Peer 1: 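Below are the C-alpha cells for one structure; questions will follow.
In this text, all values refer to a predicted model and were calculated from it rather than measured experimentally.
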Amino acid sequence: MAALLDTDTGTPVTLTTSFDAVGSQAPHLEIHGAECTLVLPDPNFHDGHVLHRAYGSRSWDTLPPAPISGPSSRGLGVLDLANALREAREPRCSARRAERVVHLIDAIVRTAELHIPTPSAAPAHIPITR
C-alpha cells in the first residue's frame, strides 16, 4: 500500500508498506529528505546500525548508536508507562499519540477502499491487421 501524506509543516511524505512479500532486501525503514537519506534497522529488536548518506555523497556512513539506559527490547513502552506513572509525567507512547496513529492508518485504509480503477488508454484487445 502506498500513501502520500502532508505534515503540519507542509513536508510531503510518501509511505509505502508491504506485509505480503515472501522476502525482501529492502530496509525496514528508509527515510529520504532533501539533505540526506537514513536507513534504520529492524524496529522489532532495537539494535543494528543506522546508515546515513548525505546529499552529494557516494558512500554511506554508520551513525554512532544512541546511548541506551536500561533494557532495549520489546516491552519498553510498558516500562516507560510504569516510570511515567511513578514520575507523574506523560508517557512517551501516550493514548493521544496512539489515537493519531490509529486515525492515520484508518484514513489510509478507508481511502484505499475507495479506489476507483482508471481505464487503460489502450483497449484490452488490439487486433493485428496487415
Peer 1: Is there a side-chain contact between Leu51 and Thr62, using heavy atoms and a 4.5 Å cut-off?
Peer 2: yes

Peer 1: Would you confirm whether Arg53, through its side chain, and Ser57, through its main-chain N or O, come within 3.5 Å as a donor-acceptor pair?
Peer 2: yes

Peer 1: Can you establish whether the number of heavy atoms outside His49 located under 6.0 Å from its atom NE2 is more than 12?
Peer 2: no

Peer 1: Establish whether Val50 and Trp60 are linked, either directly or via other cluster members, by ILVMFWY side-chain heavy-atom contacts under 4.5 Å.
Peer 2: no

Peer 1: Decide yes or no for Leu63 and Leu38: does some side-chain heavy atom of the first lie under 4.5 Å from some side-chain heavy atom of the second?
Peer 2: yes

Peer 1: Find out if a path of hydrophobic residues (ILVMFWY) with successive side-chain heavy-atom gaps under 4.5 Å connects Val13 to Leu29.
Peer 2: no

Peer 1: Taking the side chain as everything from C-beta on, heavy atoms only, tell me whether Leu15 gets closer than 4.5 Å to Ile108.
Peer 2: yes

Peer 1: Should we count CD of Glu87 as having more than 12 external heavy atoms under 6.0 Å?
Peer 2: yes

Peer 1: Going by atom types only, do Thr37 and His32 share a side-chain donor-acceptor pair under 3.5 Å?
Peer 2: yes

Peer 1: Specify the closest pair of heavy atoms between Cys36 and Ala54, including all atoms of both residues, with the distance to one decimal.
Peer 2: CB-CA, 4.0 Å

Peer 1: For the backbone of Arg92 and the side chain of Asp80, can you confirm whether one donor and one acceptor N or O come within less than 3.5 Å of each other?
Peer 2: yes

Peer 1: Within the structure provided, determine whether Arg89 and Asn83 are in side-chain contact (heavy-atom separation under 4.5 Å).
Peer 2: yes

Peer 1: Between atom CD of Glu90 and atom CG of Leu85, what is the distance when rounded to the nearest 0.5 Å?
Peer 2: 10.5 Å

